[in-house]
Amino acid sequence: MFLLFMVWSVAEAKGKPKVFNVMKYGATANGQTDDSKAFLTAWSEACEWEGRARILIPRGSYMLYPVEFMGPCKGHTTVVIRGTLNAPSEAQALFFNTKWIGFRYIDGLNVGGGGTFNGQGVASWPHNDCIMNTNCQPLPTSVKFDFVKNARIHHLKSIDSKNTHFAVFRCENLNFTKVRILAPANSPNTDGIKIGGSQNVGITRSTIGTGDDCVAVLPGSSDIRISEVVCGPGHGISVGSLGKYKGEEDVRRVVVRNSTLRGTSNGLRIKTWASAFASEASDFLFEDIEMDNVRNPITIDQNYCPHGSCNPQASSHVQISNVKYKNIWGTSCSKIAVNLHCSESAPCKGIVLGNINLAHHRDSVGIASSSCSHANGVSYGQQNPSSCL
Ligand SMILES: *[C@@H]1O[C@H](CO)[C@@H](O)[C@H](O)[C@H]1NC(C)=O
Ligand SMILES: *[C@@H]1O[C@H](CO)[C@@H](O)[C@H](O)[C@H]1NC(C)=O
């Protein structure tokens, strides 16, 4: 009998997670009352559970002030979000926080459930003066993962973030699947997914329409895989900007496949500042990508200077090498569809253009052109516009 019980309880521990429902911890789900405390208490009990813990956020509307879900936890933690989590709408309430919702120091995390993060950015975007003021106080990121390993983020929606929607920093083996990201084209600094200092990050089967980069890959990132992503509106899929700070880590092995860029200002972009700070950006593969009415479909810009206060004589010391563009087709709404503007001090090496077919949009058979400087490499197959390599 005792043996049977042992067998049963092992099966139970393995098979069924222990559920921590936020409603049992005092969440009101009336969309007005601050539910942060209930969420944090549910989290801390779940995190202490030495098995599989499942935090359940049922359907309904919740109001959350800035919260951080901190590990390490004793077991694997799943967060099932069925409801909508709302940030306070007034900008001031969050001004001195870098993020609204944080996950930190967790190994083994699953966040899903079909729910929504609503950053309620509309009222705070007018307070964003970061374009004019370099000492600006940035608005908070909606959801941030710091030092998180072995995680799945899936079936979730993020709307109207005050700043970046999702940020990934110092993480390892983390996949986004089926996320939907939405903010207006003119919302400032609302990057979709920003990845820095992280290894093995995947983004698949997701749609991102926002006011800044759909995905931004920042220094110290490697083995980043993006596939089946539809991006637009937005500033495209970007690597960088790199070379802004001294001692930046390299970026390596970024693959973007089977994706579509629609009405974005850039398509596939690598951007580096014209500065003395050296680093390397290498091994990129951009394959099977459709461009639909994209302003700069293929672009390397090693003279990145968004606010125009850079030294015109300086050149970038970020070495870009081994960048393959294969099977890229569709329309460009500017005449220069391929613009490889590399650095004089560190010319690009190993660029490959294979089967490129980009028409200038105005009349769908319009002739586009390409422009290269300090770019070395080869091209093969169809080349429309004709290759400048
Ligand atoms: C993320 O996706 C990759 C590629 O499909 C897979 O090998 C890896 O195990 C996934 N990681 C997690 C945490 O699910
Ligand atoms: C990409 O699309 C092609 C053709 O539609 C398909 O054969 C392939 O399996 C897809 N690959 C990925 C990684 O989605």
Side-chain angles (χ1 to χ4, degrees), residues 14-18 43 46-47 49-57 68-82 101-115 117 142-158 165-181 192-208 214-218 220-231 237 239 251-260 268 282-289 324 326-327:
K14 278 199 177 152
K16 262 193 168 174
K18 164 102 171 153
W43 172 268
C47 191
W49 183 253
E50 298 189 18
R52 294 202 295 139
R54 177 189 294 248
I55 295 164
L56 177 64
I57 301 158
E68 184 153 62
F69 301 115
M70 186 80 87
C73 297
K74 297 206 166 135
H76 185 279
T77 314
T78 295
V79 184
V80 180
I81 305 172
R82 300 220 191 278
I101 296 175
F103 291 91
R104 198 176 180 88
Y105 304 126
I106 302 158
D107 184 350
L109 176 70
N110 181 326
V111 188
F117 298 102
S142 270
V143 186
K144 189 152 188 263
F145 300 91
D146 295 289
F147 306 92
V148 170
K149 281 187 194 169
N150 305 314
R152 295 180 52 212
I153 319 303
H154 58 103
H155 300 90
L156 290 169
K157 192 168 162 186
S158 171
H165 291 264
F166 292 102
V168 175
F169 180 70
R170 296 271 174 236
C171 292
E172 240 181 85
N173 189 20
L174 180 148
N175 293 336
F176 290 90
T177 313
K178 294 209 171 178
V179 295
R180 286 161 63 203
I181 293 177
I193 302 178
K194 215 158 142 172
I195 304 163
S198 297
Q199 277 65 53
N200 266 310
V201 178
I203 304 171
T204 53
R205 292 189 272 161
S206 294
T207 60
I208 306 174
C214 288
V215 179
V217 178
L218 301 176
S221 301
S222 57
D223 298 293
I224 309 300
R225 304 170 312 272
I226 298 166
S227 66
E228 295 175 77
V229 165
V230 177
C231 161
I237 296 176
V239 176
V251 173
R252 295 187 195 284
R253 295 182 298 279
V254 177
V255 176
V256 183
R257 275 206 168 100
N258 282 25
S259 293
T260 301
L268 306 166
S282 63
D283 303 305
F284 298 88
L285 173 61
F286 302 106
E287 186 173 35
D288 298 322
I289 312 281
K324 298 190 172 88
K326 290 188 187 171
N327 303 331

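One-based numbering, in listed order, for ligands and for the atoms of each.
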Determine, for Arg253 against Asp283, whether the closest basic-nitrogen to carboxylate-oxygen distance falls under 4.0 angstrom.
-> no
Within the 4.0 Å heavy-atom cut-off around ligand 1, the contacting residues, ordered by chain and number, are Asn150, Ala151, Arg152, Asn173, Asn175, Arg225
Can you label the angle between the Phe69 ring and the Trp43 ring as parallel, tilted or perpendicular, going by 30° and 60°?
-> tilted
Could you state the interatomic distance from NZ (Lys324) to CG (Leu285), rounded to the nearest 0.5 Å?
-> 7.0 Å
Scan residues 166-175 for pairs that pass side-chain hydrogen bond (donor to acceptor under 3.5 Å, both in side chains), counting only residues two or more places apart or in two chains.
-> Asn150-Asn173, Arg170-Glu249, Asn175-Arg225
Distance-only polar pair, side chains of Asn200 and Asp223, donor-acceptor under 3.5 Å | no
Scan side-chain atoms only and decide if Arg252 and Ser282 contain a donor-acceptor pair under the 3.5 Å cut-off.
-> yes
